[in-house]
Amino acid sequence: MGENNFERKLLILSGKGMWHTNDCGGLYPQLLLSDGPHGLRKQDEGKKDINDSYVSTCYPTASCLAASWDRELVFKVADSLGKEAWNADVSVLLGPGVNIKRSPLCGRNFEYYSEDPFLAGEIGASFINGVQQNGVGTSLKHFAGNSQETRRMTSNSRIDERTLREIYLSAFENCVKKAKPATVMVSYNYLNGYKATENKHLLTDILRDDWGYEGVTVSDWGACIDIAKSVKAGLDLEMPSSGKAHLKKLKKDINAGSISDEELLTAIGRLEKLIDKYAAANRKDNSKKSVDSHKVALEAALGGAVLLKNEENILPLKDVKEINLIGELARTLRFQGAGSSHIKTRPQVNIIEEFEKAGIKVNFAPGYRVDTVKEDEVLSKEALELVKNGLPTIICGGLTDLAEGEGYDRKTLDIPENQIKLFEKIESENLVFLSFGGSPFTVPFMSKVKAMLHMYLGGEAVAEAAVKLLLGESNPSGRLAETWPFQISDTPAHGCFAAESNEVYYVEGLLVGYRHYDTKGIETLFPFGYGLSYTTFEYSDLSLSSKEYSGGEIKVRFKVKNTGTVPGAEVAQIYVENPYDGFARAKHELRGFEKIFLNPGEEKDVEITIGERAFSVFDTELNSFNISGGEYTVCVGTDIDHLILCEKLAVKGKDYVKEPAGTGLDVFIGKNDSNLDNVKPGEYSVYHSLGELSKKSSLGKKLMYSAIKKARSMYKGASDDSPEVMMMVETIKDGPIDCIILQSGILPYWIAEKIVKQANAKK
Ligand code: BGC
């Protein structure tokens, strides 16, 4: 290859603008990458406001989709979204996110599926397949160990190898192997001492060598600082463009021999394949695909809603002509989360209007405001007066935008104080709680409500879906994909989640989510897998294809019958009880599931296949998954706390009685610190955050305050705790100086270097 051609090709390693790949002076057609994953957030280059994108369909967020436990439904949503992306000439849709929910406080949990890797991996694979069958690629994110938003760009996730493989990487592995995502998006954080984008163990040893991934790895937006180091570790594409700064440094590294042409050509080659396959300009037939996306969004909102309580079968509402509706969230719907997955969608019909459309008279009182957590006594009094009329009352509440969003974590498990105060005072016989939010929360007024229907963040059709479910036109069939704990102190990562330090130790190890509550016998508000229906189901005739197992697949067979009077869907869940012999294992683990639709009186034979992973542990000495022998119990249940039928299974395998070396966090002590905490002058670099540097550099301090001021002025009228402002401010403080300068789009790179120099010179 001619010298010039190689030089031109190098440009492909860094994006052009915010959303495109580089055309390398006409050498390649460009790829357009757009968010994802709850709808299409296609933005024109140059737009700064994250919410200013093209109008498109807003589907339910990931936490809601996962609660459907329905692979086909997720595939259908993704197919519809893939068609919208195709029609908009998008090459790669940035999603899905399959990170494991380590704590319910992660502000971005609404964008993730589950606390369980099997469920997250299955739902993720369906999503990828659904999008990609349309000729649009996906980006499996955020790879990996990105479980908190607090200092998401500098925190160092310290996860022992076994936990990493069994819990935090397993959903990624399933997606990579089953669905072959076109790209994998590499996260901002550090993992065990190495920035994820420079982490060879993650990007090459595991992703490519072990899992056989052949696609492209792309940095999360602004996560790449050093192209040569990153490419050497296994990164292919830096996004977005870093102007000339990073390419200039790359040239120096090439000249110094720090990276070979071969290494660079490997990354370039992978990008060329991606371009061949997904660039809109390469499409043979670019005709538009027809899609009834709102209908799909409605179906998904119905499928993901979870009925959490229904005393005296108060729901569905029968023969109602008039109701009271209390809560601002009935009028100002919350149906999606804030940040990069925010969809600019069509105007919404709210809950009040939907009830009216159904011919029901609504007496509405907002009761509280959503832009503050403070009680408004006038609104509160008005609502309390209204319910005195004795009509059936629905209170609408849950998490508001102030509580959760990208870029910041939740401070509390509670819903805003103004809602709690109001709902605790409400006196009404037949109270129904209709709730919204991307993550679990506490319900201190639970004893007051007869029913609770949780809609999650159900997308643009959430109000339509809620009213259909409340009136019984549709039967709830969602099941929780995450545990709802009673209190934050019960949660596995309590005390070590989003800690003060950049070093984040995953001390709970394998016991994440229900593995923690179930193994330790901690009671929960609602267990993993839980959800009610307007009908009832009965299980019978559990059998296993064999009583002994030494490898391959095993079939779990049973019957499920709808014993009630209305059609409905049941989610049959297979939990395997592990042998306990001194080797650390969770008590039960989810190993299979199936959603089954049944008419009244109908019975179906169900067969679920489980494979070797269900009986394996990651052996850190052998660096592979291996069957661990012993007596297992295979159960079918309706949630982790309700295992209905069980069968024993004798498993032949390795005799694991003690932890192999290299297991547990003690292996980290004194090793692989990210060097981002307690930095001393002389140690600062462009990897350090502006917040950290500004402690030592007057220029840094000045820049930080003026950038924050600018960010606030971009969202005029928005309060300091509005999600957009909070995300921007957190990023400015906690983002590496390299990223802050480059993403500003206007500041020259020497400012970053000067700030670092000043900090290093300070005594
Ligand atoms: C987010 C990604 C997103 C990207 C582009 C990042 O800040 O973490 O999930 O795809 O921005 O908007």
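One-based numbering along the sequence shown. Computed from a predicted structure; not experimentally measured. In listed order, ligands and their atoms are each counted from 1.
At least one side-chain heavy atom of P723 sits under 4.5 Å from a side-chain heavy atom of Y408.
Ring geometry, Y168 versus Y506: the interplanar angle exceeds 60°, so the pair is classed perpendicular (tilted spans 30 to 60°). Ring geometry for Y113 versus F127: interplanar angle of 30 to 60°, hence tilted.
Side chains of N189 and H142: no donor on one and acceptor on the other come within 3.5 Å. The closest side-chain donor-acceptor pair between E404 and N109, if any, does not fall under 3.5 angstrom. Using modelled atom types, one finds a donor on one side chain and an acceptor on the other under 3.5 Å when comparing R346 with T57.
If you look at ligand 1, the protein residues with a non-hydrogen atom under 4.0 Å away are W19, D35, R41, L94, R108, K141, H142, R152, M185, Y188, D220, W221, S340, E406.
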